[in-house]
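Right, one structure below, let's go through it.
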Amino acid sequence: MEAEKKYITAEELNQHNKPGDLWISIQGKVYNVSDWGKDHPGGDAPLLNLAGQDVTDAFTAYHPGTAWNYLDKFFTGYHLEDFKVSEVSKDYRKLASEFAKMGLFEKKGHGTMYTLLSVAFMLSLVVYGVLRSESVFVHLCCGLLLGFLWIQSAYVGHDSGHYQIMSTPRFNRVAQILAGNCLTGISIAWWKWTHNAHHIACNSLDHDPDLQHIPVFAVSSKLFHSITSCFYGRKLEFDPLARFLVSYQHLTFYPVMIVGRINLFIQTFLLLFSGRRVPQRGLNILGLLVFWTWFPLLVSFLPNWTERVMFVIASFAVTSIQHIQFCLNHFSANVYVGPPSGNDWFEKQTSGTLDIACSSWMDWFYGGLQFQLEHHLFPRLPRCQLRKVSPIVQDLCKKHNLPYRSLSFWAANLSTIRTLRTAALQARDMASPVPKNLVWEALNTHG
């Protein structure tokens, strides 16, 4: 005779939402993942953000079918008493199942191979141009080409971080370290740490690290209240300096993006040399040593410091295109404060993302991330499949009266600048309870 099922309520489940006491529900079955955080491939942030909730949609989005086989060892013996599935979630899960049956998650195409070949070709041209040419113009072009190389390499790192682009997990890790640490100088460990949290808590002002750019940028006046970052574990102080910088953020946005890569270098070092547990720390540091050997060495072969500075600035300026793209996908979308909710996964992704409309021949330029909503809903889906599923996602959004926003690159830029300008003007409101600053007042004497 089958044993009688034991049940707990959603309120009881929600009490297990702290480090060392993390319970989740998947399809109504309750699992204790308290000790799994330190070994979870996606890090502990997703578990902490969704602990105490039903996470079926997020689990479906991030895990292949084989992952379901590992759940039994975490089963508590309890089922969720008031477990209900929304109509949106039913359709989303059905769609994910259909994509899996069609083999779309496994059909990766040849995009990775073409990208890696193009990266190798561009790197060869850059090295040859620097070493063999004495032309300033050629050296400038080499710097610009290096920036494009970094962009394409970052796309490979992104893809390998979301799904296995190589034949085995070991080769996939090699691709991550090579494309990330060795070629771009940005740690794949740092990327995974922040990027997984971003996906789970898309556009949450206090949980999504990709919106926490105080004191330089603020996409919402809600950040003016010095909220606490649940990701970084510190307060995002909206002090006089932040108020001054944010007040002009719509003017400084593009210049800051040009040097934005410097911040990524800094964030990489801060994580790898922190006391935080970092998976494969040694391998990540070794990859950085490779980058900080070949890149300065290459720059040193340029004939003088003027050309060296020109070369570095040119390469950074090109990568700003990618940094801007990432901002376009989210800065002007809807934001909220608080942890993500597991039972409105589909709604949160549609609310917090913005697609960039482009012709299919430009897909290589955006790395598939112009289909931002499709990518957020199905992060394991290879980039070559995103355009194919886009009409299906649009139909599902229309069916449930949810936003599907797709703008041209230029329209997305205007929307982003408009969002930044709105927040900037709000920051200039002298009635806001922030201590006055003499520099601020001097610059704003005439309004």
Side-chain angles (χ1 to χ4, degrees), residues 115-157 178-187 190-191 213 215-217 241 244-245 248-270 272-273 285-328 364-365 367 409 413 417 420 439 443:
T115 303
L116 288 174
L117 289 174
S118 69
V119 167
F121 180 66
M122 286 188 286
L123 183 59
S124 299
L125 288 180
V126 170
V127 173
Y128 183 83
V130 169
L131 298 183
R132 305 295 295 177
S133 176
E134 297 180 358
S135 168
V136 175
F137 178 73
V138 170
H139 293 164
L140 173 62
C141 290
C142 287
L144 298 173
L145 190 59
L146 180 61
F148 279 112
L149 181 160
W150 282 338
I151 289 176
Q152 293 301 316
S153 186
Y155 289 145
V156 173
L178 179 64
N181 300 52
C182 296
L183 284 179
T184 70
I186 299 171
S187 169
W190 171 82
W191 177 85
H213 302 297
V216 183
F217 298 132
L241 175 62
F244 171 71
L245 294 176
Y248 296 95
Q249 63 181 356
H250 55 302
L251 303 176
T252 61
F253 176 65
Y254 295 112
V256 168
M257 289 297 105
I258 291 177
V259 295
R261 197 164 197 82
I262 296 174
N263 178 57
L264 301 186
F265 291 151
I266 294 173
Q267 295 301 321
T268 283
F269 280 103
L270 288 177
L272 292 183
F273 295 97
I285 293 176
L286 180 62
L288 288 187
L289 287 176
V290 171
F291 174 81
W292 288 109
T293 298
W294 75 260
F295 180 53
L297 186 62
L298 179 67
V299 174
S300 71
F301 278 102
L302 292 166
N304 54 65
W305 278 104
T306 300
E307 288 197 34
R308 291 166 191 162
V309 172
M310 174 198 68
F311 181 87
V312 172
I313 292 177
S315 62
F316 283 16
V318 170
T319 60
S320 70
I321 298 172
Q322 189 175 59
H323 304 325
I324 290 168
Q325 178 197 349
F326 295 157
C327 295
L328 301 185
W364 68 272
F365 181 78
F409 182 78
N413 271 271
I417 293 300
L420 293 173
V439 175
L443 288 172

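- More than 12 heavy atoms of other residues, nucleotides or ligands lie within 6.0 Å of CZ in F273, so this atom counts as buried by the packing criterion.
- Ring geometry for W292 against F265 counts as perpendicular: the plane angle is over 60°, on a 0 to 90° scale with 30° as the lower cut.
- The distance from the CG atom of L149 to the CZ atom of F121 is 11.5 Å, given to the nearest 0.5 Å.
- The SG atom of C182 sits 7.0 Å away from atom CG of L286, with the distance rounded to the nearest 0.5 Å.
- The shortest side-chain heavy-atom distance between I186 and Q267 does not fall under the 4.5 Å cut-off.
- Side chains of L245 and T252 form no contact here, defined as non-hydrogen atoms less than 4.5 Å apart.
- S187 contributes no side-chain N or O that, together with a main-chain N or O of T268, makes up a donor-acceptor pair within less than 3.5 Å.
- We find the CD1-OG1 distance between I258 and T319 to be 9.5 Å, quoted to the nearest 0.5 Å.
- In terms of heavy atoms, L131 sits closest to F301 at CD2-CG, 3.5 Å.
- I324 places a side-chain heavy atom less than 4.5 Å from the side chain of Y254.
- To the nearest 0.5 Å, atom NE2 of residue H213 and atom CD of residue Q249 are 10.5 Å apart.
- The heavy-atom pair separating C142 from G129 by the smallest distance is SG-CA, 3.6 Å.
- Judged purely by atom type and a 3.5 angstrom limit, Q152 uses its side chain to pair as donor or acceptor with the backbone of W364.
- Taking the side chain as every heavy atom from C-beta outward, V126 and F148 never approach each other to under 4.5 Å.
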Could you give me the CA-CA distance, side-chain angles and deciding distance for W190 and L270, then say whether side-chain contact (heavy atoms from CB on, under 4.5 Å) is met? CA-CA 9 Å; W190 171 82; L270 288 177; over 6 Å; no
Apply side-chain contact (heavy atoms from CB on, under 4.5 Å) to V119 and V156, showing your working. CA-CA 10 Å; V119 167; V156 173; 5.5 Å; no
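- Residues H323 and L264 have side chains in contact (heavy-atom distance under 4.5 Å, counting atoms from C-beta outward).
- Remark: C327 SG to F217 CZ distance equals 7.0 Å, nearest 0.5 Å.
- Screening V312, I313, T306 against V309 for a side-chain contact (heavy atoms from CB on, under 4.5 Å) leaves a single residue, I313.
- Between the side chain of R308 and the main chain of L302, a donor-acceptor pair closer than 3.5 Å is present.
- Residues W150 and L183 approach most closely at NE1-O, 2.8 Å, considering heavy atoms.
- Listed here is the closest heavy atom pair of H139 and S133: NE2-O, 2.8 Å.
- Under the 6.0 Å cut-off for aromatic ring centres, F409 and F365 do not qualify, their centroids lying 6.0 Å or more apart.
- Atoms CG and OG, on N181 and S153 in that order, are 10.0 Å from each other to the nearest 0.5 Å.
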Go through it in stages, so that I can follow the logic: the residues are V138 and R132, the test is side-chain contact (heavy atoms from CB on, under 4.5 Å), and I'd like the CA-CA distance, side-chain angles, deciding distance and then a yes or no. CA-CA 10 Å; V138 170; R132 305 295 295 177; over 6 Å; no
